[in-house]
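Remarks on the structure that follows.
For this chain, numbers begin at 1 and follow the sequence in order.
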Amino acid sequence: MIKKLDLYLLKSFLVSLLVVIVAIGLTIIVINIVEELRDFIDHKVPLLSIAEYYLYFGGWVLKAFMPMFILLATLFSVSMLARRNELLAMKTSGLSLYRITLPYLMAVILLAIGHLYYNEHLFPPAGRRRTEIKEFTIEKRSEHGSKHVANVYRQIRPGYFYTIASFNIDRAEGKDLKMYQANGNKLSRLITAAAVRYRDHAWLAVNGALRRFDDSAGETFAEFDELPLPDIEDI
């Protein structure tokens, strides 16, 4: 059962948390505005775009600094109780420190769960939009250059890697794929393909050939139209 004391402590903590978020969050935003002011003026960024950017920037502040906000709010709340001798009164009435801190513990656990959900599900689209506004609207970078990557090299594990000559991020397609798998110092498998695509949550090599190298059998060769690539998890 939640008692009046618990509600009082929770109210004190949540008010402190709100004050900390507003005060420190606004300070971080103002500092960033001062740093970005030259780009806003030089690139003639519309006020609406600036407001949208700082709306998403505020979401980033919550993501990055929420643990610090909670810590400071807890310290402020408890210090205010101690300054007004309320902690002393609670202990005198027979409450232990463990019982006094129980509402704080429950609140922090719920906030931690909410923060985890926010980081994993709510923030990523907003963070992506914030990055797009900064790169394409504020810094005036080319969208074409950011969506095309050349000379991709990735290692899956030691002795197993692949290269892609060019990759289109939006279309999730690349050209000129080569996958090398070595056994010790010897090449054991080579996949070459004209293209690589991400379809139905899987990577596919398109229009290529698979070569296997074995000391006893020599080289085996097989062409394919499409070949699943389960070892590739991300590009």
Side-chain angles (χ1 to χ4, degrees), residues 17-18 20-72 108 110-156 161-177 195-206 228-235:
L17 180 61
L18 180 62
V20 168
I21 291 175
V22 172
I24 300 181
L26 285 178
T27 302
I28 295 173
I29 291 175
V30 169
I31 292 173
N32 187 264
I33 290 175
V34 173
E35 292 178 348
E36 300 287 351
L37 190 58
R38 180 181 294 275
D39 285 336
F40 295 154
I41 297 174
D42 291 345
H43 298 148
K44 299 179 180 179
V45 182
L47 289 177
L48 186 61
S49 297
I50 295 175
E52 183 183 6
Y53 173 75
Y54 280 103
L55 176 64
Y56 295 120
F57 185 83
W60 175 82
V61 170
L62 285 178
K63 172 186 179 296
F65 295 96
M66 193 62 180
M68 183 189 73
F69 292 159
I70 293 174
L71 175 62
L72 291 176
V108 168
L110 292 176
L111 287 171
I113 295 173
H115 189 241
L116 179 62
Y117 179 81
Y118 173 78
N119 287 348
E120 296 297 326
H121 298 281
L122 300 181
F123 176 76
R128 190 179 306 112
R129 178 60 182 157
R130 179 184 70 88
T131 303
E132 290 174 355
I133 294 174
K134 180 174 178 60
E135 292 184 354
F136 307 139
T137 304
I138 298 176
E139 298 180 353
K140 301 296 183 181
R141 295 182 183 177
S142 171
E143 293 190 35
H144 180 272
S146 66
K147 295 177 181 178
H148 291 78
V149 183
N151 300 321
V152 177
Y153 174 93
R154 296 288 187 274
Q155 181 174 337
I156 299 173
F161 62 95
Y162 61 89
T163 63
I164 301 174
S166 64
F167 187 78
N168 186 303
I169 297 175
D170 280 348
R171 298 174 60 185
E173 295 181 355
K175 296 181 179 179
D176 191 13
L177 167 72
V196 58
R197 299 171 183 167
Y198 188 74
R199 297 292 184 271
D200 299 326
H201 307 288
W203 291 99
L204 298 173
V206 181
L229 302 172
D231 294 331
I232 297 182
E233 297 180 355
D234 192 13
I235 291 181

Next item on the list: Determine, stepwise, if the pair Thr163 / Asn151 fulfils side-chain contact (heavy atoms from CB on, under 4.5 Å).
Entry: CA-CA 7 Å; Thr163 63; Asn151 300 321; over 6 Å; no
Next item on the list: Please work out which of the three classes, parallel, tilted or perpendicular, describes the rings of Tyr198 and Trp203, given edges at 30° and 60°.
Entry: tilted
Margin query: Which heavy atom of Ser166 sits nearest to which heavy atom of Ile164, and what is that distance?
Written below: O-CG2, 3.2 Å
Check: Looking at residues at least two apart in the chain, or sitting in another chain, which of them share a side-chain hydrogen bond (donor to acceptor under 3.5 Å, both in side chains) with Asp176?
Finding: Lys178
Next item on the list: Return yes when atom CG of Leu110 has more than 12 non-hydrogen atoms of other residues, nucleotides or ligands closer than 6.0 Å, and no otherwise.
Entry: yes
Check: Is the number of heavy atoms from other residues, nucleotides or ligands under 6.0 Å of Arg199 CZ greater than 12?
Finding: yes
Margin query: Ignoring hydrogens, what is the shortest heavy-atom contact between Leu204 and Leu229? Give both atom names and the distance.
Written below: C-CD1, 4.1 Å
Next item on the list: Enter the distance from Ile138:CD1 to Tyr53:OH here, rounded to the nearest 0.5 Å.
Entry: 5.5 Å
Item checked: Test item: Leu122 and Lys63 side chains (from C-beta on) under 4.5 Å apart, heavy atoms -> no
Checklist line | Nearest-0.5 Å distance, OH of residue Tyr56 to CD of residue Glu132 | finding: 9.5 Å
Next item on the list: Heavy atoms only: give me the nearest Tyr118-Pro124 pair and the separation to one decimal.
Entry: O-CD, 4.2 Å
Notebook entry, point to check: Roughly how far apart are Ile21 CD1 and Phe69 CZ, rounded to 0.5 Å?
Noted result: 6.5 Å
Item checked: Separation of Leu37 CG from Asn32 CG (nearest 0.5 Å) -> 11.0 Å
Check: Which heavy atom in Val152 sits nearest to a heavy atom in Arg154, and how many Å separate them?
Finding: CG1-NH1, 3.8 Å
Next item on the list: Test Asp39 against Val45 for side-chain contact (heavy atoms from CB on, under 4.5 Å), laying out the working first.
Entry: CA-CA 8 Å; Asp39 285 336; Val45 182; over 6 Å; no
Note to self: Tell me the closest heavy-atom pair linking Phe161 and Gln155, and the distance in Å.
What the structure shows: CB-CA, 3.8 Å
Next item on the list: Please lay out, stage by stage, how Met68 and Ile24 fare under the test side-chain contact (heavy atoms from CB on, under 4.5 Å).
Entry: CA-CA 10 Å; Met68 183 189 73; Ile24 300 181; 4.1 Å; yes
Margin query: Parallel, tilted or perpendicular, judged at 30° and 60°: which one describes the rings of Phe65 and Trp60?
Written below: perpendicular
Item checked: Heavy-atom pair with the smallest gap, counting every atom of His115 and Pro67 -> CE1-CD, 4.0 Å
Item checked: Nearest-0.5 Å distance that lies between atom OG1 in Thr137 and atom CD in Glu52 -> 8.0 Å
Item checked: side-chain contact (heavy atoms from CB on, under 4.5 Å) against Thr27, all qualifying residues, sequence neighbours excluded -> Ile31
Next item on the list: For side-chain contact (heavy atoms from CB on, under 4.5 Å), just list the numbers for Phe57 and Ile133, CA-CA rounded to whole Å, side-chain angles, deciding distance to a tenth of an Å, and then say yes or no.
Entry: CA-CA 11 Å; Phe57 185 83; Ile133 294 174; over 6 Å; no
Next item on the list: Only counting residues at least two apart or in another chain, list the ones meeting side-chain hydrogen bond (donor to acceptor under 3.5 Å, both in side chains) with Lys134.
Entry: Glu36, Glu139
